Structures are given as C-alpha cells and as structure tokens.
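Worksheet for the structure shown next.
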Amino acid sequence: MPEICAEYIWIDGTKPTPQLRSKTKILTFGETPPIWSFDGSSTNQATGNNSDCVLNPVFICPDPIRGDDNILVLNEVLNTDMTPHETNTRVQASKIAEKYKTHESLFGIEQEYTLLDPFTNAPIGFPEEGFPEPQGPYYCSTGASWIFGREMVEEHLEMCLDAGLTISGINAEVMPGQWEFQIGPIGTLEVSDHLWIARWLLFRIGEMHGIQPSLDPKPVSGDWNGAGAHTNFSTKTMRENYQAIIDGCEALSETHKLHIKNYGEGNERRLTGLHETQSIDQFTYAVSDRGASIRIPWQVVADKKGYLEDRRPSANMDPYVVTRLIVETVCSDLPQ
Ligand code: ADP
Ligand code: MN
Ligand code: MN
Ligand code: MN
C-alpha cells in the first residue's frame, strides 16, 4: 500500500496568544487519520510529569505543500481521559453551532496580517532606519515602491485554493507589508477550521520566503494601521430582512464588554478610535462607517438585507471564540 504524509496541526497553550504546532504522521493511503498524542509540556499544555495530550482529528484537507495524496489534519486537543483540554475552544463552539443551527449562520472573516523580517522584526518594506512614506498609497496598490511580499501572498492564495478552503479574496492593506485574506461565507465551525488551516499555511509558506507573518493587532505603534479580523455575520433572517440586522446590532450592544474581553490580546493597542477603529470602551453601529464597532455595508442597506460587519476582533483572535460569542449573543435573542 502506498504511504502518505499527514501533517497533524493543533493550537497550543502559549499565552497570551496561542500558536500553531504540527508534526508528521505516515499513514497508508485511504486510512482514516487516527487519534495521536504529543508532548504537552513543550507547548504550554501540560507539565513534564504528566505530559501526554491527545490529538483528535476534526478537519482534513489536501496538503497543497507536499501535494499528491498527502493531507493536512486539523486537530482538537483532548486530555488522556478524552475530555476536552482547557485550551480546546472548538468544543464549545461546536455545541453552540449545533444549538442554533436552525438560524443557518454564515461568517466571512477578513484576516489581516503583517509580514515581518525575522531578524529585525520590522515589517518588510520598512527601511533599516526610520519609516517609509506615510500611509496613503499602499492599500490595494501596485508598484514596487508600495507593494512588499506579493509573491508569497499569491502563493498563499493558490495553496488555500488547492487545499479546498473557502477563501473569497485577498488585498494589500493600508500599511506597507500588511495584507488581508478573507475566509467565507461559510458556517460557524467551518469558517474557524478553514481560518486556522489558512493561518498555518501562511506561516509555513513564510518559511520558504524567509518571512515571519505576524497577527499582532498593532505591529507598529504610532500613525500606522493595526491588524484586525473583521467578522462578517448573518443569520438566515438577516439575509432576508433588514430589521433583523438592526436587531443583531442591538443585541451586540448589550454584551460589548464580554466580546471585547474575548476578541484578542493586545486589542487595546489597536482599538483607539483612530485608524478606522472605534475606541475599545465604546459601542456604535452605523452604515458605511469604518469608525464604528459594527458597520452595515451600504450594499446591505440598498438590498434591504444581508449581513453585519463586527470590526472589533483583532488579527490574533481565536475564531472559535469570536464566532461562538456572536452566535450566542445574536441568536439567543431570536425565536428558536
Ligand atoms: P471590506 O474590506 O469592505 O470590509 P471584504 O470584501 O474584505 O470587505 O469582506 C467581506 C466579507 O463578507 C467576505 O469575507 C465575505 O465572505 C463576507 N460575506 C459576504 N456576504 C456575507 C453574508 N451574507 N454573511 C456573512 N458574511 C458575508
Ligand atoms: Mn476587507
Ligand atoms: Mn482590511
Ligand atoms: Mn472589513
């Protein structure tokens, strides 16, 4: 029987922001990826004297890096008694997705990120000393004076497509070296699984280019845009009726603090009220307003139906947590 490589990927226990880890298991072609284990004492998930943690496969896709029949296997982490590990945020997201499945929630997540030089930790495109030309020309631009890292970004897009992920676009962002890709619109659990794999591919492809991607919410302080993960959300009712979108915004206005607490570490450096953000301690929603916490796109007003954009989550947020909270907040107010 031919052998294949299965790259087992999981989310670790690094604080404050978890990192992705992976290792390779050889399987025979056609074999269902079994549970596996790892040394949790090396990933901030266990102590040395009781170090075993369990990898439980939850999502499988083609491996676009190794190609052929090789696969990527995303895992949730369990304890050895098969209960969810405390770092396993997927299990709760899965329960909530199931509980509110009749609402047919859809998510589209805009993942912003910054490409760094791994030796200087400065964004690529920043000079050795001082700063580049101020923001203005970079967003969605073309030209070697403004665009840095496109080759890697294009490769990432191609690999996401080859992996079968639901990726809906890419664009150059407002700061040099800063980019975005969008996953969705797909369901609550799927969007998070796809986003974690897309993040892993980004870091993995960065290795081949000598570039370290960063999901830090504010990689350069001062007059430079931070990096967010705008989370676009709709229920079946919102896709049919504008009032349901307003009701969703109103529901979100009541749980602002809870959401902010769970929308990414260091987000206070980004949500300042400047650079297309609302301040962290204020909640507003408005049409077309990139300074609001929630934006309702103009097209949604024109169509009188569609979705809302939660602009608060930071680039390093955990999508299992963010999508679960949005579904819980918005759908618990609606009739079942
Ligand atoms: P912008 O940069 O203008 O904020 P983008 O085009 O980057 O917007 O992202 C919009 C996102 O909205 C896309 O990821 C898309 O998949 C998502 N989206 C579109 N329609 C819906 C919908 N009905 N429900 C949830 N998400 C949606
Ligand atoms: Mn966008
Ligand atoms: Mn953006
Ligand atoms: Mn956006």
Side-chain angles (χ1 to χ4, degrees), residues 97 100 103-115 135 138-141 153 157 160-161 165-192 194-195 198-199 202 213-219 224-242 244-249 252 263-264 267 270-271 274-278 285-317 319 322-323 326-327 330-331:
Y100 294 108
H103 297 283
E104 297 177 28
S105 296
L106 289 179
F107 283 93
I109 298 178
E110 303 167 51
Q111 175 70 66
E112 293 178 340
Y113 59 94
T114 310
L115 298 177
Q135 291 184 168
Y138 307 105
Y139 171 76
C140 294
S141 64
V153 170
L157 171 61
C160 286
L161 290 167
L165 305 182
T166 304
I167 184 162
S168 60
I170 57 171
N171 62 267
E173 270 303 337
V174 175
M175 187 177 85
Q178 203 170 52
W179 294 83
E180 168 180 315
F181 63 85
Q182 301 107 28
I183 298 289
I186 37 172
T188 310
L189 218 46
E190 292 84 353
V191 78
S192 303
H194 287 210
L195 180 56
R199 284 176 173 178
L202 186 69
S214 167
L215 302 184
D216 190 276
K218 190 81 175 183
W224 302 95
N225 271 37
H230 299 165
T231 301
N232 301 273
F233 169 70
S234 65
T235 58
K236 184 168 185 285
T237 329
M238 290 179 177
R239 294 190 293 275
E240 291 163 354
N241 158 359
Y242 187 74
I245 298 167
I246 302 297
D247 295 345
C249 294
L252 288 164
Y263 271 17
N267 208 7
R270 165 179 166 262
L271 294 181
L274 300 172
H275 305 111
E276 305 178 49
T277 70
Q278 176 56 287
Y285 65 91
V287 175
S288 295
D289 184 357
R290 286 171 199 272
S293 319
I294 309 274
R295 177 176 68 103
I296 304 174
W298 71 269
Q299 186 71 49
V300 171
V301 183
D303 296 346
K304 300 196 173 58
K305 61 182 180 182
Y307 63 96
L308 59 82
E309 178 194 41
D310 190 342
R311 300 177 60 79
R312 297 170 295 173
S314 63
N316 59 355
M317 60 78 148
V322 169
T323 57
I326 293 176
V327 168
V330 174
C331 296

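Just the heavy atoms: all of them, side chains too, but no hydrogens, waters or symmetry mates, feed the values below. Just follow the structure's listing: the first ligand is 1, and inside any ligand the first atom is 1. Predicted, not measured: the structure shown is a model, and the values here were computed from it.
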Quick one: look up the protein heavy atom nearest [atom] and list residue, atom name and how far away it is.
{"atom": "atom 2 (O) of ligand 1", "result": "E110 OE1, 3.2 Å"}
{"atom": "atom 7 (O) of ligand 1", "result": "E180 OE2, 3.0 Å"}
{"atom": "atom 21 (C) of ligand 1", "result": "Y307 CD2, 3.5 Å"}
{"atom": "atom 11 (C) of ligand 1", "result": "N232 ND2, 3.3 Å"}
{"atom": "atom 27 (C) of ligand 1", "result": "P185 CB, 3.8 Å"}

Sub-4.0 Å heavy-atom contact, E173 with ligand 1: no
With the Mn ion (ligand 4) as the point of reference, which N/O/S atom of E309 is the closest? OE2
If you check every N/O/S atom of H230, which is the one nearest the Mn ion (ligand 4)? ND1
Out of curiosity, [X] [atom1] to [Y] [atom2], how far, rounded to the nearest 0.5 Å?
{"X": "E112", "Y": "E180", "atom1": "CD", "atom2": "CD", "result": "5.0 Å"}
{"X": "R239", "Y": "H103", "atom1": "CZ", "atom2": "NE2", "result": "11.5 Å"}
{"X": "E173", "Y": "S141", "atom1": "CD", "atom2": "OG", "result": "11.0 Å"}
{"X": "M238", "Y": "I245", "atom1": "CE", "atom2": "CD1", "result": "6.5 Å"}

For a 4.5 angstrom cut-off between non-hydrogen side-chain atoms, does Q111 reach L202? no
Evaluate the side-chain proximity of Y139 to N171: yes if any heavy-atom separation is below 4.5 Å, no if none is. yes
Backbone or side chain, does any N or O of [X] fall under 3.5 Å from an N or O of ligand 1?
{"X": "R239", "result": "no"}
{"X": "R295", "result": "yes"}
{"X": "S234", "result": "yes"}

If I compare all heavy atoms of K218 with all of R270, which pair ends up nearest, and what's the gap? CD-CA, 4.3 Å
Pick whichever of E309, Q182, E276 has a heavy atom sitting closest to atom 14 (O) of ligand 1. Q182
Centroid-centroid under 6.0 Å between Y307 and F233 rings: no
Examine distances only and state if a side-chain atom of D303 and a backbone atom of K305 form a donor-acceptor pair shorter than 3.5 Å. no
Exam field: side chain R311 to backbone R290, donor-acceptor pair closer than 3.5 Å: yes
Quick check: does E173 have an N/O/S atom under 2.8 Å of the Mn ion (ligand 3)? yes
What angle sits at the Mn ion (ligand 3) between OE1 of E180 and OE2 of E112, to 10°? 100°
When you look for heavy atoms under 4.0 Å from ligand 1, do you find them on the side chain of S168, its backbone, both, or neither? side chain
Contacting atoms of ligand 1, where contact means under 4.0 angstrom from a heavy atom of G184: 16 (O)
Numbered atoms of ligand 1 (with element) below 4.0 Å of R290, judged on heavy atoms: 3 (O), 4 (O)
Any chance you could lay out the side-chain contact (heavy atoms from CB on, under 4.5 Å) test for I326 and T188, step after step, and finish with the verdict? CA-CA 10 Å; I326 293 176; T188 310; over 6 Å; no
